[in-house]
Amino acid sequence: MAERQKATGSINWYRSMRAQEDDPGLPDELDTRVTALIRATDSFFIATVTPSGWPYIQHRGGPPGFVHVPNPVTIALADYSGNQQFVTVGNLDVSGHVIPQIEGFVRHVIPHPAVT
């Protein structure tokens with residue numbers, strides 16, 4: 001990555017942001033704003049890594065509150081059997097790597113004019 005950044009000239013901007021090692025260490029604590037977003041979501045994507053090293057991304061959905069934040073460093077949800085493939089859970093059993101992608105979509109209500 002650093003070689004590509006050098007070639008494109010972006011190395012100086014990214015140098016301060018680049019991790020010094022591959023291990024990100026312990027997770028940061030979730031603040032109250034992020035915790036509220038997670039608890040209110042009814043939809044998110046979960047990315048895991050297959051045994052062959054490829055990303056695997058699935059959608060998860062449920063009523064608001066189906067994702068829990070039991071403490072500031074843990075996100076939890078029930079994994080329903082669905083299609084009985086258990087791909088996401090199987091990937092976690094092998095690699096343990098997971099990234100939840102939770103979007104904070106703004107929901108606007110557009111008023112419709114009355115029809116007479």
Side-chain angles (χ1 to χ4, degrees):
M1 175 179 64
E3 291 305 314
R4 174 66 65 169
Q5 291 173 350
K6 286 177 189 175
T8 62
S10 65
I11 189 76
N12 293 327
W13 190 78
Y14 283 107
R15 182 175 285 129
S16 64
M17 298 172 55
R18 192 172 62 236
Q20 297 303 313
E21 51 188 88
D22 290 337
D23 182 6
L26 295 174
D28 293 334
E29 290 193 1
L30 301 170
D31 64 30
T32 55
R33 183 181 58 83
V34 173
T35 298
L37 170 69
I38 293 168
R39 288 179 173 155
T41 194
D42 61 359
S43 178
F44 77 100
F45 293 90
I46 186 168
T48 56
V49 179
T50 67
S52 60
W54 287 93
Y56 183 80
I57 302 170
Q58 278 196 323
H59 173 264
R60 292 289 195 263
F66 85 106
V67 182
H68 301 276
V69 183
N71 62 58
V73 296
T74 305
I75 299 171
L77 70 143
D79 191 39
Y80 299 106
S81 60
N83 60 16
Q84 301 290 313
Q85 292 182 350
F86 302 101
V87 177
T88 299
V89 174
N91 289 341
L92 288 172
D93 288 341
V94 173
S95 77
H97 297 295
V98 63
I99 297 175
Q101 178 68 39
I102 301 170
E103 300 292 336
F105 296 112
V106 177
R107 296 193 174 139
H108 295 283
V109 176
I110 301 172
H112 294 280
V115 177
T116 57

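We count residues from 1, following the sequence as given.
Between the CG atom of Leu37 and the OG1 atom of Thr32 there is a distance of 11.5 Å, given to the nearest 0.5 Å. Residue Arg60 holds its CZ atom at 11.5 Å from CZ of Phe45, rounded to the nearest 0.5 Å. Rounded to the nearest 0.5 angstrom, Thr48 OG1 and His97 NE2 are separated by 11.0 Å.
When all heavy atoms of Ile38 and Thr41 are compared, the pair lying nearest together is O-CG2, 3.1 Å. In this structure, Ser95 and Val49 approach most closely via the heavy-atom pair OG-O, 3.7 Å. Between Pro64 and Ala40, the shortest heavy-atom distance links the atoms CB-O, 3.5 Å. Taking all atoms of both residues into account, the shortest heavy-atom contact from Pro63 to Asp42 is C-CB, 4.4 Å.
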Under the criterion side-chain contact (heavy atoms from CB on, under 4.5 Å), I'd like the reasoning laid out for Leu92 against Val98: C-alpha separation, chi angles, the key distance, then a yes or no. CA-CA 7 Å; Leu92 288 172; Val98 63; 3.6 Å; yes
side-chain contact (heavy atoms from CB on, under 4.5 Å), that's the test. Do Val69 and Arg39 meet it? Break it down for me. CA-CA 7 Å; Val69 183; Arg39 288 179 173 155; 3.8 Å; yes
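Using a 4.5 Å heavy-atom threshold, the side chains of Leu77 and Phe44 count as touching.
No hydrogens or angles considered: a donor-acceptor pair under 3.5 Å links the side chains of His59 and Ser43. Remark: the Asn91 side chain and the Thr88 side chain contain no N/O donor-acceptor pair separated by less than 3.5 Å.
Legend: residues meeting side chain to side chain donor-acceptor pair (under 3.5 Å) with Thr50, ordered by chain and number and at least two apart, are Ser52.
Not a single donor-acceptor pair under 3.5 Å links the side chain of Thr74 to the backbone N or O of Pro70.
If you chain together hydrophobic residues whose side chains sit under 4.5 Å apart, Ile102 and Ile99 never meet in one group.
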